[in-house]
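In what follows, a structure is listed as C-alpha cells, so that the remarks can point back to it.
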Amino acid sequence: MDTLFFIAAKLLGALIRVDTWFVLGLALIVWSALAGKRRTLRISSVGLLMIAIILAIVPVGHLALQPIERTFVANPPLERVDGIIVLGGGEDASASAYWGQVQLAEGGDRYTAGVALARRFPDAKLLFAGGSGALRDVVLQRATEAEYAEQLFLDLGVNPDRILTESRSRNTAENARLSFEIAQPSADEVWVLVTSAFHMPRAVRSFETAGWPKILAYPVDYRTSSFADGLGWNLAPNVWLLNTAIRERVGQLAYYLTAR
C-alpha cells in the first residue's frame, strides 16, 4: 500500500505542475492550428500568453507559498535538545553520484542547519531520514540520500557516534515512521525537526502521527521574501514557487485524508 501511495503521489505531482499545463496549452494551440480551429487557436494563444506574462511579472508563487512558510516561527528558542532530525531533499543525488562528492541542492539549508544545531547542542544525536524520493528508484538501486548526508556530516566534523541514518524512506510519512523505529525516543526526550519551511506543517503532522512525543519545528530553507522583491521578469522562479505551493497544499490534503 505504501508503494502504491508513493507511485500515485508522484504521478499526481506531475499532473498538477504549472509547466505541465503550459505544455498542454501549447499542444492545444498546435492541434487548433492543424485542425483549422481558428477561434480555439486565438483564444488558447492569447490566454496562454496572458497567463505567462502574469506569472512572469507578478510573484503569484510567493503569495501562494508564504502562508505555508509562516505556519511555524523562524529561529525558535531552543533550550534542551536530545536529538536533531534532518529530512532529506536538500541534495542532488544524481549529481552527487556522477561527480563522486556531495552536491547540495536548493534545500541544502537543511543540512547546514542540522550541523549548526549539532554543534550548538554537542550531546544531541543527529538523525538523518531519507532514502530516495525518485520514482525510478522503485526498481533501480542507487546510493541513498542518507549515504550522502552521513558523508557530509562526517566531512563537517560531526562525531560518527552521534549520527543515526534512516535510508529506506521515500516520503515524509515514511521519514517519520522509520526514523521513529531507529531513534526510539522516550517520552521525555526533545527532538528538533529540521526541514524546509514550506514542508514543515506536513512533516510535523507525520511525525506526531508516527508517535514522536516531543517534536519542535525548526524551519529553514525559506523560499519567499517580500512581495516587492518578487516583482520583475521571473517566469521560471515564479512557476517553480507556484509548483511548490500547489504540490504542498495537495500533499497536506492527501496526508490528512490518509491519516499520515
Exercise. Can F22 and I51 be said to form a side chain to side chain contact (heavy atoms under 4.5 Å, CB included), step by step?
Worked result: CA-CA 9 Å; F22 265 111; I51 292 172; 4.2 Å; yes

For this session: Give the intermediate values and the outcome of side chain to side chain contact (heavy atoms under 4.5 Å, CB included) for residues I163 and V158.
Result: CA-CA 8 Å; I163 300 175; V158 179; 3.8 Å; yes

Problem set entry | Test log, rule side chain to side chain contact (heavy atoms under 4.5 Å, CB included), inputs V192 and L78 | CA-CA 9 Å; V192 174; L78 300 175; 4.1 Å; yes

For this session: Using the side chain to side chain contact (heavy atoms under 4.5 Å, CB included) rule, take L152 and L104 through it: C-alpha gap first, then chi angles, then the decisive distance, then the call.
Result: CA-CA 10 Å; L152 179 63; L104 296 183; 3.9 Å; yes

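By the 4.5 Å heavy-atom criterion applied to side chains, I85 and V194 are not counted as neighbours. By the 4.5 Å heavy-atom criterion applied to side chains, L49 and I53 are counted as neighbours. Using a 4.5 Å heavy-atom cutoff, the side chains of Q252 and P201 are in contact. Taking the side chain as every heavy atom from C-beta outward, P219 and T195 never approach each other to under 4.5 Å.
At a threshold of 4.0 Å, the pair E248-R202 counts as salt-bridged, since one of the basic side-chain nitrogens sits closer than that to a carboxylate oxygen. Under a 4.0 Å N-O distance rule, the pair R80/E189 does not qualify as a salt bridge. Classification of E91 and R110 as a salt-bridged pair fails, no side-chain N sitting under 4.0 Å from a carboxylate O.
D82 places no side-chain N or O within donor-acceptor distance of the main-chain N or O of A124, the cut-off being under 3.5 Å. Judged by distance alone, with hydrogens and angles left aside, the side-chain atoms of W31 form no donor-acceptor pair with the main-chain N or O of K37 at under 3.5 Å. No donor-acceptor distance shorter than 3.5 angstrom exists from the side chain of K125 to the backbone of A183, with no hydrogens or angles considered. The main-chain N or O of I68 is found under 3.5 Å from a side-chain atom of T71 such that the two form a donor-acceptor pair. Judged by distance alone, with hydrogens and angles left aside, the side-chain atoms of D92 form no donor-acceptor pair with the main-chain N or O of Q103 at under 3.5 Å.
E166 and S179 are not linked by any side-chain donor-acceptor pair at a separation below 3.5 angstrom, with hydrogens and angles left out of the test. Side-chain atoms of D229 and S226 form a donor-acceptor pair, as typed in the model, at a separation below 3.5 Å.
The two residues G130 and T144 have their closest heavy-atom pair at O-CB, 4.4 Å. Contact detail for E174 and N171: the closest heavy-atom pair is N-OD1, 2.9 Å. Between L41 and S44, the closest heavy-atom pair is O-OG, 3.2 Å. Closest approach of W191 and P185 over heavy atoms only: NE1-CB, 3.6 Å. Nearest heavy-atom pair across L235 and A52 is CD1-O, 3.6 Å. Scanning all heavy atoms of the two residues, the minimum distance from H62 to P67 falls at O-CD, 4.4 Å.
By the criterion of side-chain heavy atoms lying less than 4.5 angstrom apart, applied directly or through intervening Ile, Leu, Val, Met, Phe, Trp or Tyr residues, L126 is grouped together with L154 in one hydrophobic cluster. When the side chains of ILVMFWY residues are joined at heavy-atom separations under 4.5 Å, either directly or via intervening members, L216 and F128 end up in a single hydrophobic cluster. There is a path of hydrophobic side-chain contacts, each under 4.5 Å, that joins L117 to V220. Linking Ile, Leu, Val, Met, Phe, Trp and Tyr whenever their side-chain heavy atoms come within less than 4.5 Å puts F121 and L156 in one cluster. Cluster membership check: L65 does not share its hydrophobic cluster with V60, using side-chain heavy-atom separations under 4.5 Å among Ile, Leu, Val, Met, Phe, Trp and Tyr.
Note: F207 and W212 have tilted aromatic rings, judged against thresholds of 30 and 60 degrees for the angle between ring planes. Ring-plane geometry between F153 and Y111 is classed as tilted, the angle between the planes lying from 30 to 60 degrees on a 0 to 90 degree scale.
Atom-to-atom distance recorded for L24:CG and L15:CG is 8.5 Å, nearest 0.5 angstrom. The CZ atom of F180 lies 10.0 Å from the CD1 atom of I215; values are rounded to the nearest 0.5 Å. Considering CD of Q66 and CZ of R223, their distance stands at 14.0 Å, rounded to 0.5 Å. Summarising the geometry, atom CG belonging to L55 is positioned 11.0 Å from atom CE belonging to M50; distances are rounded to the nearest 0.5 Å. Atom-to-atom distance recorded for I16:CD1 and R249:CZ is 12.5 Å, nearest 0.5 angstrom. Between the CG atom in N243 and the OG1 atom in T20 there is a gap of 7.5 Å [rounded to 0.5 Å].
Residue-environment remark: CD (Q184) exceeds the threshold of 12 foreign heavy atoms within 6.0 Å. The number of heavy atoms from other shown groups lying within 6.0 Å of CZ (R162) is above 12. Counting non-hydrogen atoms of other residues, nucleotides and ligands closer than 6.0 Å to OH of Y256 gives a total of 12 or fewer. Shown here is W233, whose CH2 atom has more than 12 heavy atoms of other residues, nucleotides or ligands within 6.0 Å.
Between Y222 and F198, the gap from one ring centroid to the other reaches at least 6.0 Å.
Applying side-chain hydrogen bond (donor to acceptor under 3.5 Å, both in side chains) to T172 and the options R260, H199, R205 leaves one that passes, H199.
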